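All remarks here apply to the structure that follows.
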Amino acid sequence: MNNHVTPFLRPQPVRSAPEPEFLARRMQGYYRDRVQNTWDGGHIMRGRCPGDDALHLSSNDYLSLARHPEILRATAECLMNNGNGLLMSGIFLHGSNPLLDLEARLANFMQAPAGVLCQSGFAANTGLVQSIADENTPVYIDMMAHMSLWEGIRSAGARAVPFHHNDIGHLERQILKNGCGVVMVDSVYSTNGSVCPLPDLVATGSRHGCVLVVDESHSLGTHGRQGEGMVAELGLCDKVHFRTASLAKAFAGRAGFIACSESFSEYFKFESNPAIFSSTLLPHEVAGLEATLAVIRREHWRRRELHAKSAHLRRELDALGYNLNGSQSQIIALESGTERQTIVLRDALEARGIFGSVFCAPATPKNRAMIRLSINCTLSPEELERIIDVCADIREDVALSSWASTRRKNAQDAETMPQVAVA
Ligand SMILES: Cc1ncc(COP(=O)(O)O)c(C=O)c1O
């Protein structure tokens with residue numbers, strides 16, 4: 001036994017360089033306006049620490065693959081055999097290589113001619129937009145599209161032309177006003193789980209000769225017969241120019257992917273800044289993703305269970321009076337509205353062992369904050385009932401009936417209620 005005890009070292013006080021006035025003022029804004037005035041000195045993201053019986057609904061591991069033995073074994077064996085491999089930008093890779101093989105296999109899986117692995121979904125989106133748009137390109141973007149697509153527009157110096165969420169009529173009016181450009185959407189929206197009306201969107205974008213980009217981060221692996229995504233499921237692959245995805249959701253790894261044409265994949269690797277100026281994936285990450293792809297293609301039951309459980313939970317929460325903002329997927333959000341109301345909701349859920357993710361500005365518009373519940377395929381019937389029971393029990397504590405989202409739901413429900421004729 002090793003009885004060696006590391007002596008406790010009292011940390012020496014260290015000082016950082018004093019911030020100049022402009023930076024200090026900017027930081028004070030955060031500490032004063034958000035931490036002090038809105039969160040009463042606490043933090044909206046930091047509630048209780050989860051106990052042993054906590055139900056974690058904050059992970060996007062929808063297919064419950066993070067601890068899959070086959071994937072862990074492939075990752076561990078590769079790490080032991082190869083260490084961290086060559087630490088370099090992907091532009092130096094060529095010839096026969098596991099990363100290039102995985103790119104080809106992922107592209108084939110998504111029914112695309114080619115594809116590029118990126119360090120993350122964020123790098124895929126920013127790199128893509130930066131390499132297809134410039135200051136002369138109008139980029140039509142759904143107002144709820146992921147921040148990485150907006151960041152891509154910013155870094156490209158392109159012109160963002162937002163359209164109302166899932167409003168294809170508004171998109172078309174914007175195209176008629178501003179001309180041909182790039183159209184960007186998410187297939188499943190990460191904040192509230194709503195789904196893009198892809199057939200209409202694709203028809204409209206194609207009619208006007210636009211380049212189409214669909215972020216499939218929340219549908220790759222979960223949608224389609226083998227998990228090939230929603231664009232492929234709907235037979236739209238030959239109309240959508242680019243599909244991007246974070247592989248940190250259903251693929252439970254850390255990478256991003258762009259499905260594209262053969263010529264674009266080469267162009268992207270030598271033209272996009274994240275591809276050139278940031279190191280590529282490590283060998284064990286590639287080996288893990290290769291094993292994950294095989295599991296995702298094969299284990300259909302995971303998708304079946306995920307969709308059945310998500311639909312059950314959506315039905316039950318809707319019946320309890322929660323406005324799910326059109327969720328049609330495994331992402332289910334309870335929109336509490338203000339940040340103060342969100343802290344009340346967070347505490348009520350966490351006190352009963354339910355841990356979701358807090359979403360607030362800048363991930364949502366101001367006063368449209370929410371707690372997002374990410375469903376996974378291995379939740380047991382008892383765990384699902386526990387979520388439903390807790391959501392039923394807390395309604396008064398969190399003043400559900402007073403939320404703006406509840407009033408919107410009630411108004412919508414009243415509009416769609418069949419009218420009873422009065423004699
Ligand atoms: C729709 C969407 N696109 C892109 C990303 C970024 O992915 P990553 O976490 O791999 O950078 C996310 C993750 O939050 C996402 O939800």
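For this chain, numbers begin at 1 and follow the sequence in order. Read the numbers this way: they start at 1 and go in the same order the structure lists the ligands and their atoms. This is a predicted model, so every value here is computed, not measured.
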ask   = What's the shortest heavy-atom distance between Gly42 and Val35, and which atoms?
value = O-CG1, 3.6 Å
query = Quick one: does Glu228's side chain have a donor or acceptor within less than 3.5 Å of a partner on Arg225's backbone?
reply = yes
With the criterion set at N/O pairs under 3.5 Å, what does the list of contacts between the protein and ligand 1 look like, atom names and distances included?
residue  : atom   : partner : partner atom : Å
ligand 1 : 3 (N)  : Asp215  : OD2          : 2.7
ligand 1 : 3 (N)  : Ser217  : OG           : 3.2
ligand 1 : 7 (O)  : Ser246  : OG           : 3.3
ligand 1 : 10 (O) : Gly121  : N            : 2.8
ligand 1 : 10 (O) : Ser246  : OG           : 2.7
ligand 1 : 11 (O) : Gly121  : N            : 3.3
ligand 1 : 11 (O) : Phe122  : N            : 3.0
ligand 1 : 14 (O) : His146  : NE2          : 3.2
ligand 1 : 14 (O) : Lys249  : NZ           : 3.0
ligand 1 : 16 (O) : His218  : NE2          : 2.7

key: With Trp39 via ring-ring contact (aromatic ring centres under 6.0 Å, His included) - residues at least two apart   = His43
ask   = With sequence neighbours excluded, what pairs up with Arg346 under the side-chain hydrogen bond (donor to acceptor under 3.5 Å, both in side chains) test?
value = none
ask   = If only atom types and distance count, is the side chain of Asp61 paired as donor or acceptor with the main-chain N or O of Ala250 below 3.5 Å?
value = no
ask   = For Glu335, which residues count as a salt bridge (Lys or Arg N to Asp or Glu O under 4.0 Å) partner, sequence neighbours excluded?
value = Arg368, Arg408
